[in-house]
Amino acid sequence: MAAPLLLKGIPLLRLRLQRYNCLSVGIVSSPRRTWCVAAESSGHQEEVSSAEKSSSVLTVRDPPKYHRWDDPDYRKWKDKEEEILRDIEPIISLVKEILHSSRYMDGERLTVSDEETVLQKLLLHHPHSEDKMGCGLDSIMVDRHPQFRHSRCLFVVRTDGGWIDFSYQKCLRAYIRDKYPSHAERFIREHFKRSSG
C-alpha cells in the first residue's frame, strides 16, 4: 500500500522540479524562456489540478513583474538618476580615496587641489557651513573621529586653531537638494544609507 502512494508522488515531484528548473533557468537565460516553453510542451507533464494552478505564484508563461521601462515617468526618473550619479561620482570617489586609502595619514592636511575641490564641491553645501568654518578656514584635514575611533572623517581646521568634523554625506544631500529639487528626496532615499540631514 505504501509503494503505490510513493509512486503517485514521483510524477508530481518531477513536475514541480521541472517547473522550478524552467523558472530558474528561464529567468536567468532569456526573457522569452524558449527552453521552458519547449520543456512544457514536450508531453512529459502530468495533469495539474486547478488548485495547484491557482496556488502557483508565477507560471512559466508569466513574465516577472519589473518596473515598466515603457512608462515615461519611470524612464524620466532613471535618466535623472543617472545624471545625478554622473554628477556626484567624482567627488564621492575623491572623498573615499582620501578617507580609505593610505594617501593621507591621520591628522594630515589635504593638498591644495584636494582642499579646493572638497571646499567647493562639499563644504560650501553643508547645511551649517558657516558654523563649521567659524572665524575662518585655515585648512581641511583627515583624522580619526573623536567618538568613533575606527572611522576617519574630514575636519575643518579654523584660523583660531580649533577644528571640527563635517559629514560629506550631509554636504552631498544638500547639494542634490539644491541642484535637483524635484528628484532629490527620491534619490537620497534610494542611494543614501542614513538620513542624517
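In what follows, every heavy atom counts, from backbone to side chain, and hydrogens, waters and symmetry copies are set aside.
With a 4.5 Å cut-off on side-chain heavy atoms, Phe192 and Leu172 count as touching. Considering only heavy atoms from C-beta on, His125 stays 4.5 Å or farther from Arg173 through its side chain. Using a 4.5 Å heavy-atom threshold, the side chains of Asp165 and Leu154 count as separate. For the pair Tyr175/Leu122, no side-chain contact is recorded, criterion being any heavy-atom separation below 4.5 Å from C-beta on. Residues Asp87 and Lys179 form a side-chain contact, since some pair of their non-hydrogen atoms from C-beta on lies under 4.5 Å apart. Residues His183 and Ile176 form no side-chain contact, since every pair of their non-hydrogen atoms from C-beta on lies 4.5 Å or further apart.
For Asp160, the side-chain contact (heavy atoms from CB on, under 4.5 Å) partners at least two apart in sequence or on another chain are Cys135, Arg158. Under the salt bridge (charged side-chain N to carboxylate O under 4.0 Å, His left out) criterion, Glu116 pairs with no residue, sequence neighbours left out. Partners of Glu83 by side-chain contact (heavy atoms from CB on, under 4.5 Å), not counting sequence neighbours, listed by chain and number: Lys80, Arg86, Tyr180. The salt bridge (charged side-chain N to carboxylate O under 4.0 Å, His left out) search around Lys76 returns none, not counting sequence neighbours.
Counting all heavy atoms, side chain and backbone alike, Ile140 lies closest to Leu137 at CG1-CD1, 4.1 Å. Between Leu124 and Met133, the closest heavy-atom pair is CD2-CE, 3.8 Å. Annotation for Gln147 and His145: closest pair N-ND1, 3.1 Å, computed over non-hydrogen atoms.
Residue Lys121 places its NZ atom among 12 or fewer non-hydrogen atoms of other residues, nucleotides or ligands, all under 6.0 Å distant. More than 12 heavy atoms of other residues, nucleotides or ligands sit less than 6.0 Å from atom CD of Glu190.
The existence of a salt bridge linking Asp79 and Arg75 is confirmed by a sub-4.0 Å separation between a basic side-chain nitrogen and an acidic carboxylate oxygen. Ionic pairing of Arg186 and Glu81 is not present here: no N-O contact between side-chain nitrogen and carboxylate oxygen is shorter than 4.0 angstrom.
Here Phe155 sits in one hydrophobic cluster together with Met141, Val157, Trp163; the rule is ILVMFWY side chains under 4.5 Å apart, joined directly or through other members.
The aromatic ring centres of His191 and Phe187 sit less than 6.0 Å apart.
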Check step by step if side-chain contact (heavy atoms from CB on, under 4.5 Å) holds for Ile91 and Tyr168.
CA-CA 10 Å; Ile91 191 64; Tyr168 79 91; over 6 Å; no

Could you go through the side-chain contact (heavy atoms from CB on, under 4.5 Å) check for His128 and Lys170 one step at a time?
CA-CA 10 Å; His128 307 289; Lys170 279 187 183 179; 5.6 Å; no

Step by step, work out the salt bridge (charged side-chain N to carboxylate O under 4.0 Å, His left out) result for Glu82 and Lys78.
CA-CA 6 Å; Glu82 286 179 35; Lys78 294 309 279 182; over 6 Å; no

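Rounding to the nearest 0.5 angstrom, the gap separating the CD1 atom in Ile88 from the SG atom in Cys171 is 12.5 Å.
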Donor-acceptor pairs are to be reported for all side-chain atoms of residues 92-108 against protein atoms at under 3.5 Å, with residues two or more places apart or in another chain.
unit_1, atom_1, unit_2, atom_2, d
Ser93, OG, Glu89, O, 3.1
Ser93, OG, Glu89, OE2, 2.5
Glu97, OE2, Arg103, NH1, 3.1
Ser101, OG, Glu97, O, 2.5
Ser101, OG, Arg103, N, 3.2
Arg103, NH2, Asp114, OD1, 3.1
Arg103, NH2, Asp114, OD2, 2.4
Tyr104, OH, Thr111, N, 3.1
Tyr104, OH, Thr111, OG1, 3.3
Tyr104, OH, Asp114, OD2, 2.5
Asp106, OD1, Arg152, NH1, 2.6
Asp106, OD2, Arg144, NE, 3.1
Glu108, OE1, Met105, N, 2.7

